[in-house]
Amino acid sequence: MHTDDDHDHDHSELSDTQLRVRALETILTEKGYIDPAALDGIIEHYETKTGPHIGARAIARAWVDPQFKAALLADATKAIASLGTPVGDHLIAVENTPQRHNMVVCTLCSCYPWDVLGLPPVWYKSAPYRSRAVMDPRGVLADFGVTLPADAEIRVWDSTAETRFVVLPQRPAGSENLSEEQLAALVTRDCMIGMGLPRAPGEAP
């Protein structure tokens with residue numbers, strides 16, 4: 001997980017979470033409990049074999065295929081598996097509408113649908129996000145640059161080890177003529193957690 005370049009960096013640039021992970025990794029490696037190569041293999045798997053592109057493909061399909069959308073909202077685990085990606089968790093899809101915006105958090109730890117969204121972002125695991133998301137969801141959204149109409153309801157979903165959530169965002173205006181592949185490129189990880197909105201057509205990734 002390290003590169004030689006890492007040693008040229010000032011460690012003060014690392015976040016508290018990164019420092020804790022690095023210290024734990026070092027101790028476990030020195031004691032022979034873990035193999036750094038195995039860790040690299042796991043990370044590579046989640047960065048290349050699974051990841052937000054899986055969820056984005058499902059969202060894009062739901063935007064163009066009403067039957068798939070219905071299946072996704074009825075049983076997201078089964079629907080996404082039908083695209084060739086087995087999902088290990090019990091996954092529920094919640095739909096954003098003009099009247100309702102959904103957010104996902106894990107208040108107890110960091111439960112997250114890795115099969116569909118890949119590795120969770122650092123902020124998703126942070127205590128400030130986990131606590132504020134339920135107490136001040138509109139304020140947290142504003143911190144992420146998402147401003148919703150005052151009359152829009154914000155619903156917060158608390159992930160657990162047994163049940164996880166993915167947000168079906170609204171299809172961006174002006175995307176009517178885009179292919180499914182082009183639509184998938186508009187879907188971001190953050191918008192599938194409810195902490196962002198899909199890119200507008202023509203907006204660079």
message: Under the criterion side-chain contact (heavy atoms from CB on, under 4.5 Å), I'd like the reasoning laid out for T160 against C106: C-alpha separation, chi angles, the key distance, then a yes or no.
response: CA-CA 7 Å; T160 68; C106 177; over 6 Å; no

message: Count I, L, V, M, F, W, Y as connected when their side-chain heavy atoms are under 4.5 Å apart, and connections chain through other members. Are V122 and M103 then in the same cluster?
response: no

message: Are there over 12 heavy-atom neighbours, none belonging to E181, within less than 6.0 Å of that residue's CD?
response: no

message: Nearest 0.5 Å, please: how far is CG in L28 from NZ in K31?
response: 9.0 Å

Side-chain ion pair, D143 and R132, N-O less than 4.0 Å: yes

query: Are the side chains of W123 and P128 in touch, meaning some heavy atoms are under 4.5 Å apart?
result: no

- request: Keeping the roles fixed (side chain from Q182, backbone from S179), state whether a donor-acceptor pair exists under 3.5 Å.
  value: yes

statement: Heavy atoms of R138 and P149 approach each other most closely as NH1-O, 3.2 Å

- request: Flag the pair P201 / L178 as yes when at least one side-chain heavy-atom distance between them is below 4.5 Å, and no otherwise.
  value: yes

task: Drop me the distance from L72's CG to T77's OG1, to the nearest 0.5 angstrom.
output: 9.5 Å

message: Between T85 (side chain only) and A81 (backbone N and O only), is there a donor and an acceptor less than 3.5 Å apart?
response: no

H101 side-chain N/O to G194 backbone N/O, donor-acceptor pair under 3.5 Å: yes

Donor-acceptor under 3.5 Å (W63 side chain, S175 main chain): no

Min side-chain heavy-atom separation T29-D35 under 4.5 Å: no

message: I'd like to check V140 versus M195 (side-chain heavy atoms, cut-off strictly below 4.5 Å). Are they in contact?
response: yes

task: Report, as yes or no, whether the 6.0 Å neighbourhood of atom CD on E153 holds more than 12 heavy atoms from other residues, nucleotides or ligands.
output: yes

query: Would a 4.5 Å heavy-atom cut-off, applied to side chains only, mark L148 and L141 as touching?
result: yes

task: Enter the distance from C191:SG to F144:CZ here, rounded to the nearest 0.5 Å.
output: 13.0 Å

statement: Between C109 and C111, the two heavy atoms sitting closest are SG-SG, 3.7 Å

task: Work out which heavy atom in Q170 is nearest to a heavy atom in P198; give both atom names and the distance.
output: O-CG, 3.5 Å

field: Flag side-chain contact, heavy atom, 4.5 Å: P121 against Y112
entry: yes

- line: Heavy atoms of K125 and S110 approach each other most closely as CG-CB, 3.4 Å

field: Where P66 and V64 come nearest, the two heavy atoms and their spacing
entry: CD-O, 3.6 Å

task: Report yes if the side chains of F68 and L83 come closer than 4.5 Å at any heavy-atom pair, otherwise no.
output: yes

query: Just how far is it from atom CD of E25 to atom CD1 of I27, taken to the nearest 0.5 Å?
result: 11.0 Å

task: Take D115 and I54 through the side-chain contact (heavy atoms from CB on, under 4.5 Å) test and state the conclusion after the steps.
output: CA-CA 8 Å; D115 308 87; I54 301 294; over 6 Å; no

message: Could you measure the distance from the CG atom of L197 to the OG1 atom of T188? Nearest 0.5 Å is fine.
response: 8.0 Å

task: Please check if the side chain of D158 supplies one atom and the backbone of T107 the other of a donor-acceptor pair under 3.5 Å.
output: yes

- request: Write down the atom of V167, the atom of I193, and the distance for their closest heavy-atom approach.
  value: CG2-C, 3.8 Å

- request: Using a strict 4.0 Å threshold on nitrogen-to-oxygen distance, state whether D65 and R61 make a salt bridge.
  value: no

- request: Could you check if a side-chain atom of L91 sits within less than 4.5 angstrom of a side-chain atom of F165, using non-hydrogen atoms only?
  value: no

- request: Measure from the side-chain N and O atoms of R130 to the backbone N and O of L108, and report whether any donor-acceptor pair falls under 3.5 Å.
  value: yes

task: Determine yes or no for a side-chain-to-main-chain donor-acceptor pair under 3.5 angstrom, with T97 supplying the side chain and R100 the backbone.
output: yes

task: Start with the C-alpha distance between L168 and N96, add both sets of side-chain angles, then the distance that settles side-chain contact (heavy atoms from CB on, under 4.5 Å), and finish with yes or no.
output: CA-CA 6 Å; L168 171 57; N96 282 353; over 6 Å; no

message: Any salt bridge linking K69 with E95? Criterion: basic side-chain nitrogen under 4.0 Å from a carboxylate oxygen.
response: yes

